[in-house]
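First comes the structure, then the notes that go with it.
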Number of protein chains: 2
Amino acid sequence: MVASSAAPVPAGATIYSVAEAAGVSIATVSRVVQGSAAVSERTRDKVLAAIQHLDYTPHAAARSLAVRQHEALGLVLPELDGPYFSELLMGFEEAAAEDGLSVLLSLADHDRTLSVERFTRLAAGVDGIAVLGGIVPDEALRRTARTKPLLVVAGAQTPGVDRLTAENVTSSTELTAHLLDDHGRSRPVFVGDPDIAPDVRERHVGFVRALEARGVEAGEPVRVGLREADGVVAVERLLADGLPTDALVCANDEIALAVTDRLAAAGHRVPDDLAVTGWDDIMAARYVRPGLTTVQQPVRELGALVARRLHARVSGLATEPSAVLATRVVRRGSCGCPEPGRDAGPR
Amino acid sequence: MVASSAAPVPAGATIYSVAEAAGVSIATVSRVVQGSAAVSERTRDKVLAAIQHLDYTPHAAARSLAVRQHEALGLVLPELDGPYFSELLMGFEEAAAEDGLSVLLSLADHDRTLSVERFTRLAAGVDGIAVLGGIVPDEALRRTARTKPLLVVAGAQTPGVDRLTAENVTSSTELTAHLLDDHGRSRPVFVGDPDIAPDVRERHVGFVRALEARGVEAGEPVRVGLREADGVVAVERLLADGLPTDALVCANDEIALAVTDRLAAAGHRVPDDLAVTGWDDIMAARYVRPGLTTVQQPVRELGALVARRLHARVSGLATEPSAVLATRVVRRGSCGCPEPGRDAGPR
DNA sequence: TTGTAGGCGTTATCAG
DNA sequence: CTGATAACGCCTACAA
């Protein structure tokens with residue numbers, strides 16, 4: 001076999017070839033394609049036939065150039081590990097599609113970084129762009145924000161840059177308070193690096209706030225990344241310190257899950273010996289025993305909102321410079337709350 | 001507050017404004033931007049300064065039009081639920097970025113369908129396009145495959161359309177045989193709808209093949225979708241039938257997980273009463289107890305390979321019309337194999 | 001209702 | 001080494 005593929009791509013029909021085939025001017029072809037001005041039924045049919053026959057599709061770039069619009073939105077995300085970013089992307093893509101806009105996606109490297117060059121290139125091909133917080137330098141953000149609609153998602157408040165995010169501080173305080181007040185924990189430790197991402201920072205702030213309000217001293221957070229492996233690392237470190245805690249507030253579910261597992265391997269039970277909480281409410285959080293207490297965010301809605309706001313701005317409409325979506329603490333077994341049996345089931 | 005955002009976007013510098021500011025012709029500006037022909041150091045500096053000052057970035061569409069290349073690849077995927085598609089996307093995006101190509105993404109609806117219009121629009125703005133199997137009608141695929149590089153991923157073999165996929169049939173046979181031969185199961189049932197997606201169909205084929213080779217009759221599969229909720233539905237149906245089975249081979253991990261949970265709720269233990277297997281090896285598969293026996297695919301590599309092949313084709317190189325990547329059966333507790341303790345840990 | 005022609009921002013050829 | 005000047009494919013007044 002191996003009829004290796006490399007078909008001498010047929011040159012692709014243009015508005016000219018269609019016009020010629022239909023015996024009309026390119027203006028007329030354009031009209032029927034756009035459905036803009038009135039065209040006599042007869043000519044319309046001729047044109048349509050030609051289009052069909054030649055399998056004509058307007059060249060996107062040429063159109064963009066002419067209408068002075070890319071008709072596309074850009075989105076910059078970190079690696080798509082958890083379901084969080086996927087959800088965000090889905091919400092974004094769906095909303096964009098509804099508005100007839102394409103989505104140009106750029107993913108950051110492992111170190112949650114996108115080069116300014118790549119960012120600039122991306123921005124050069126879209127009408128508006130959304131960037132997850134902490135991936136692109138503020139400087140670059142501000143610069144392109146001056147030339148086209150730009151939104152930071154789940155990022156830090158930055159002067160001159162609009163922002164959309166889910167609530168973090170308050171929910172984190174609530175979660176921590178729950179551990180302290182309802183489950184009698186007294187030495188909670190935050191697992192995650194506040195400097196790694198704006199939202200982690202906010203979660204840490206909320207955590208500290210809850211402790212301070214109760215006169216409890218907040219120790220240093222265990223500074224680790226956001227992936228499973230980091231959860232293991234965190235536990236090793238904690239173990240080395242003699243595990244000086246009775247509750248672990250983790251920056252996300254991946255870490256929390258790995259932490260729980262590693263803890264179990266070391267003979268420590270959750271929630272009896274230690275309470276553990278996560279963030280994001282990923283699928284595994286519901287299937288694991290005990291269920292993982294975590295915080296659920298309206299991620300998909302956030303993504304959709306971002307796209308719609310961008311679209312509005314592109315259309316010249318004014319929008320609020322920022323918005324914060326509400327989240328919800330989901331109490332399951334890992335914090336010490338009673339499990340509602342095995343009916344975790346799908347949401 | 002509420003300094004509502006709607007900055008009167010500055011017109012954006014063009015090659016003309018830069019040329020004027022630098023006191024040179026646009027040709028020269030283009031040269032320094034492209035780094036193509038030789039330019040005297042002095043003029044280069046002048047131009048660079050102007051570019052810097054005006055914050056100039058070439059207009060992507062204009063460039064595309066001129067170079068007759070979109071410098072972008074398109075990707076069509078279903079909804080991004082599990083980690084499978086995210087991984088695929090990451091591999092694809094990373095490889096594309098390495099080749100300096102943008103990624104245009106289109107996601108199908110809930111019913112795993114993308115309108116031909118949207119598909120065509122997407123295709124109109126890229127140099128090459130990859131489509132997950134079963135989302136776009138073959139007819140449409142063949143049509144655009146005639147005009148530009150097109151690859152079907154994890155789809156069915158279709159004449160005239162190149163294809164890249166992970167192996168399904170053989171792994172499924174191996175998995176099923178394992179249940180039969182090593183764990184003495186005798187009435188396995190397939191959970192999933194072979195008609196829903198090409199790869200599900202192949203997994204079913206492999207399943208049936210294993211049974212037939214042993215003279216066991218393969219009953220009707222439990223035809224359900226690929227999401228968690230579908231797993232629950234499947235169990236309800238099975239229960240209604242008196243649960244006439246001792247092993248459930250599920251089309252993917254989401255289903256398998258939900259199935260296990262629902263089974264437990266009904267008082268049936270896995271793997272003692274029933275063995276359960278999945279497909280994909282998602283994260284939750286490792287954290288659940290018993291661990292989920294499943295099949296791991298080199299998804300990320302698949303995504304990368306797709307992008308690279310597309311790039312090759314765009315560059316006029318010939319490539320094999322198809323390729324099948326190897327997969328691996330991962331035996332954990334849910335099939336009856338002994339669990340290796342609690343060291344599931346990150347991969 | 002239909003055609004002509006100018007413009008969108010770059011690239012690239014061809015003279016100087 | 002640099003500058004005119006055609007494309008590139010499409011849209012859209014403006015005319016007819």
Side-chain angles (χ1 to χ4, degrees), chain A residues 9-48 50-51 54-72 120-121 123-127 147-148, chain B residues 9-48 50-51 54-72 120-121 123-127 147-148:
Chain A
V9 176
T14 72
I15 198 172
Y16 288 99
S17 49
V18 173
E20 188 178 339
V24 300
S25 75
I26 62 167
T28 299
V29 175
S30 181
R31 288 191 192 101
V32 354
V33 170
Q34 310 297 316
S36 49
V39 175
S40 85
E41 182 140 354
R42 271 207 53 214
T43 41
R44 169 188 310 282
D45 288 347
K46 278 192 305 187
V47 172
L48 252 20
I51 287 179
L54 268 50
D55 190 22
Y56 166 73
T57 309
H59 188 90
R63 168 164 229 280
S64 296
L65 191 56
V67 301
R68 311 168 74 70
Q69 288 245 251
H70 298 280
E71 306 187 286
T120 307
R121 271 192 44 129
V126 300
D127 299 318
T147 158
K148 60 183 61 179
Chain B
V9 176
T14 72
I15 199 171
Y16 287 100
S17 49
V18 173
E20 187 178 341
V24 301
S25 74
I26 63 167
T28 298
V29 175
S30 182
R31 287 190 192 103
V32 354
V33 170
Q34 309 297 316
S36 49
V39 176
S40 84
E41 183 139 356
R42 272 207 53 213
T43 41
R44 169 188 309 281
D45 288 347
K46 277 192 304 186
V47 173
L48 252 20
I51 287 178
L54 268 48
D55 190 20
Y56 166 74
T57 310
H59 187 89
R63 168 165 229 280
S64 296
L65 190 57
V67 300
R68 313 168 73 73
Q69 287 246 250
H70 298 281
E71 305 187 288
T120 307
R121 271 192 43 130
V126 300
D127 299 317
T147 158
K148 61 183 61 178

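In what follows, chains carry the letters A, B, and so on, assigned in the order in which the sequence lines appear, proteins first and then strands, with residues in each chain numbered from 1.
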Once you apply a heavy-atom cut-off of 4.0 Å, does [X] come out as touching a base, just sugar-phosphate, or nothing?
{"X": "A:Ser17", "result": "nothing"}
{"X": "A:Val29", "result": "nothing"}
{"X": "A:Val33", "result": "nothing"}

Nearest-nucleotide check on DNA chain D, B:Ile26 vs A:Gln34; residue mapping nearer the 5' end is B:Ile26
Quick check on DNA chain D: between B:Val67 and B:Ala27, whose nearest nucleotide comes earlier from the 5' end?
B:Ala27
Presence of [X] side-chain N/O under 4.0 Å of [N] phosphate oxygens OP1/OP2:
{"X": "B:Arg63", "N": "C:dT11", "value": "yes"}
{"X": "A:Ser40", "N": "C:dT1", "value": "no"}
{"X": "A:Tyr56", "N": "D:dC10", "value": "yes"}
{"X": "B:Thr28", "N": "D:dG3", "value": "yes"}
{"X": "A:Ser25", "N": "C:dG3", "value": "yes"}
{"X": "B:Thr43", "N": "D:dT2", "value": "yes"}
{"X": "B:Arg68", "N": "D:dG9", "value": "yes"}
{"X": "B:Arg44", "N": "D:dC1", "value": "no"}

Please state how far atom [atom1] in [X] lies from atom [atom2] in [N], giving the value in whole angstrom units.
{"X": "A:Leu65", "N": "C:dG6", "atom1": "CG", "atom2": "P", "value": "17 Å"}
{"X": "A:Asp45", "N": "C:dT2", "atom1": "CG", "atom2": "P", "value": "11 Å"}
{"X": "B:Glu71", "N": "D:dC8", "atom1": "CD", "atom2": "P", "value": "18 Å"}
{"X": "A:Asp127", "N": "C:dC8", "atom1": "CG", "atom2": "C1'", "value": "14 Å"}
{"X": "B:Ile51", "N": "C:dG9", "atom1": "CD1", "atom2": "P", "value": "16 Å"}
{"X": "A:Gln69", "N": "D:dC10", "atom1": "CD", "atom2": "P", "value": "18 Å"}

The test is side-chain contact (heavy atoms from CB on, under 4.5 Å); show your working for A:Tyr56 and A:Ile15 and say whether it passes.
CA-CA 8 Å; A:Tyr56 166 73; A:Ile15 198 172; 3.7 Å; yes
Is a donor on one side and an acceptor on the other found under 3.5 Å between the side chain of A:Lys46 and the backbone of A:Gly23?
no
Can you work out whether A:Ala37 or B:Pro58 has the more 5'-proximal nearest nucleotide on DNA chain C?
A:Ala37
Whichever of B:His59 and B:Arg31 has the more 5' nearest nucleotide on DNA chain C, that residue is B:His59
What's the verdict on side-chain contact (heavy atoms from CB on, under 4.5 Å) for A:His70 and B:His59, showing C-alpha distance, side-chain angles and the deciding distance?
CA-CA 10 Å; A:His70 298 280; B:His59 187 89; 3.5 Å; yes
Spacing of CZ belonging to B:Arg31 relative to OG belonging to B:Ser25, to within rounding of 0.5 Å
6.0 Å
Distance from A:Thr28 atom OG1 to A:Arg44 atom CZ, nearest 0.5 Å?
11.0 Å
Look at the side chain of A:Ile15 and decide which nucleotide, out of D:dC10, D:dC1, C:dT10, has an atom nearest to it.
D:dC10
Would one find more than 12 heavy atoms of other residues, nucleotides or ligands at under 6.0 Å from atom CD of A:Gln69?
yes
